[in-house]
Number of protein chains: 2
Amino acid sequence: MQHICRTKEAPFLRTLAIINGKWKFRILYELACETTLRYGELKRNLAPITHKMLSDQLKDLAADDMIVRHIYPEVPPRVDYSLSPKGLTFLPIMVALCDWGKEHTAPSKT
Amino acid sequence: MQHICRTKEAPFLRTLAIINGKWKFRILYELACETTLRYGELKRNLAPITHKMLSDQLKDLAADDMIVRHIYPEVPPRVDYSLSPKGLTFLPIMVALCDWGKEHTAPSKT
DNA sequence: CTGAATCCCGTGCGATACTG
DNA sequence: CAGTATCGCACGGGATTCAG
């Protein structure tokens with residue numbers, strides 16, 4: 001009476017490879033909330049994330065086609081990020097994580 | 001036209017606090033597959049995880065009531081782990097991650 | 001066999017500086 | 001403003017030992 005079949009392990013590991021990383025979920029959540037955010041806005045919202053961390057993780061997510069980077073040919077430079085079509089397909093899972101937390105974890109006091 | 005409401009952020013962060021950690025998902029997956037596993041079996045299945053990592057993460061998951069530790073009063077000691085009721089409620093999300101991977105990631109070659 | 005504690009090394013990440 | 005590159009340290013986590 002197992003709950004998950006072993007044959008699903010490979011796809012599972014591939015999913016983990018994409019979303020593992022301390023900030024991946026946070027970034028995806030931000031973009032899910034705001035639809036599209038500039039680099040600086042992301043950094044502010046995710047403080048105290050560092051410059052390096054944010055750009056590294058954004059690069060990873062873009063490489064995995066979870067988010068799209070939109071570069072405006074302006075000066076000063078302006079870049080913003082939003083969920084890709086593939087990233088959008090991940091939304092139900094994000095919502096599920098929210099709902100699970102609401103159902104099964106206690107709010108912090110005060 | 002945002003996709004997720006900000007009010008869900010707190011529960012979302014609480015969920016992340018529980019399942020963030022390099023091996024948490026892997027451990028939950030193992031227990032979802034096998035229902036119940038001894039310490040040594042987990043270690044073998046998750047190789048090359050180290051002794052310290054595994055016991056630390058198991059302790060975390062047990063502290064968060066995601067898994068239950070069953071100690072047999074025997075010698076030599078025998079301990080096994082399985083999903084708690086709370087851990088079982090997380091199964092749909094695990095399945096969703098599997099399915100998402102199957103749908104949106106490419107199998108590795110060979 | 002499982003688990004706690006110690007020690008110590010490698011590297012992930014923070015800080016900083018530089019480019020466009 | 002956004003992004004890359006470099007350097008150096010802290011700390012995560014690997015190896016090992018001891019206990020029950």
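These values consider heavy atoms only, across backbone and side chains, with no hydrogens, waters or symmetry-generated copies.
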- [ ] Just call it for B/Tyr81: base, sugar-phosphate, or nothing, with non-hydrogen atoms closer than 4.0 Å on any strand.
- [x] sugar-phosphate
- [ ] For B/Ile71 and C/dG3, give me the distance from atom CD1 to atom C1', rounded to whole Å.
- [x] 10 Å
TODO: Using whole Å, report how far NZ of B/Lys59 lies from P of C/dA5.
DONE: 7 Å
- [ ] May I ask you to decide if the ring planes of A/Phe25 and B/Phe12 are parallel, tilted or perpendicular, using 30° and 60° as cut-offs?
- [x] perpendicular
TODO: To the nearest Å, give me how far apart CG (B/Leu37) and P (C/dT2) are.
DONE: 11 Å
- [ ] Would you indicate, yes or no, if D/dT6 has its OP1 or OP2 atom less than 4.0 angstrom from a side-chain nitrogen or oxygen of A/Lys52?
- [x] no
- [ ] Name the residue closer to the 5' end of DNA chain C, choosing between B/Asp56 and A/Lys22 according to the nucleotide with the nearest heavy atom.
- [x] B/Asp56
Open item on the list: So, under a plain 3.5 Å distance rule, would you say the side chain of A/His51 forms a donor-acceptor pair with the base of D/dT4?
Closed with: yes
Open item on the list: Quick check on D/dA2: is either OP1 or OP2 less than 4.0 Å from any side-chain nitrogen or oxygen of A/Arg38?
Closed with: yes
Open item on the list: Can you see whether A/Tyr29 engages B/His3 through a side-chain donor-acceptor pair at a distance of less than 3.5 angstrom?
Closed with: no
Open item on the list: Quick one: does any side-chain atom of B/Thr36 pair with a main-chain N or O of B/Ser82 as donor and acceptor, under 3.5 Å?
Closed with: no
Open item on the list: Minimum heavy-atom separation for B/Leu31 and B/Leu42, please, with both atom names.
Closed with: CD2-CD2, 4.4 Å
TODO: Is it possible for you to check whether B/Arg78 lies under 6.0 Å from the centre of the six-membered ring of B/Tyr72, through NZ or CZ, and within 45° of that ring's axis?
DONE: yes
TODO: Output the single nucleotide from D/dG13, D/dA2, C/dG3 whose closest atom is nearest the side chain of A/Val79.
DONE: D/dA2
- [ ] Using atom NZ of A/Lys24 as one end and atom C1' of C/dC13 as the other, report the distance to the nearest whole Å.
- [x] 15 Å
Open item on the list: Rounded to whole Å, how long is the line connecting atom CD of B/Glu41 with atom P of C/dG3?
Closed with: 13 Å
Open item on the list: Between P on D/dG13 and CG on B/Leu46, what's the gap in Å once rounded to a whole number?
Closed with: 15 Å
- [ ] Could you tell me the separation between the CG atom of A/Leu54 and the C1' atom of C/dG14, rounded to a whole number of Å?
- [x] 14 Å
Open item on the list: Rounded to whole Å, please give me the gap between CZ in B/Arg44 and C1' in C/dC1.
Closed with: 12 Å
- [ ] Can you figure out which of D/dG14, C/dG20, C/dG14 approaches the side chain of A/Thr50 most closely?
- [x] C/dG14
Open item on the list: Taking 4.0 Å as the cut-off, does a side-chain nitrogen or oxygen of B/Arg69 come that near to OP1 or OP2 on C/dG3?
Closed with: yes
- [ ] Could you please name the option among C/dT2, D/dC1, C/dC1 that lies closest to any side-chain atom of B/Pro76?
- [x] C/dC1
Open item on the list: Side chain of B/Met53 only, heavy atoms from C-beta on: which candidate in C/dT2, D/dG13, D/dG3 is closest?
Closed with: D/dG13
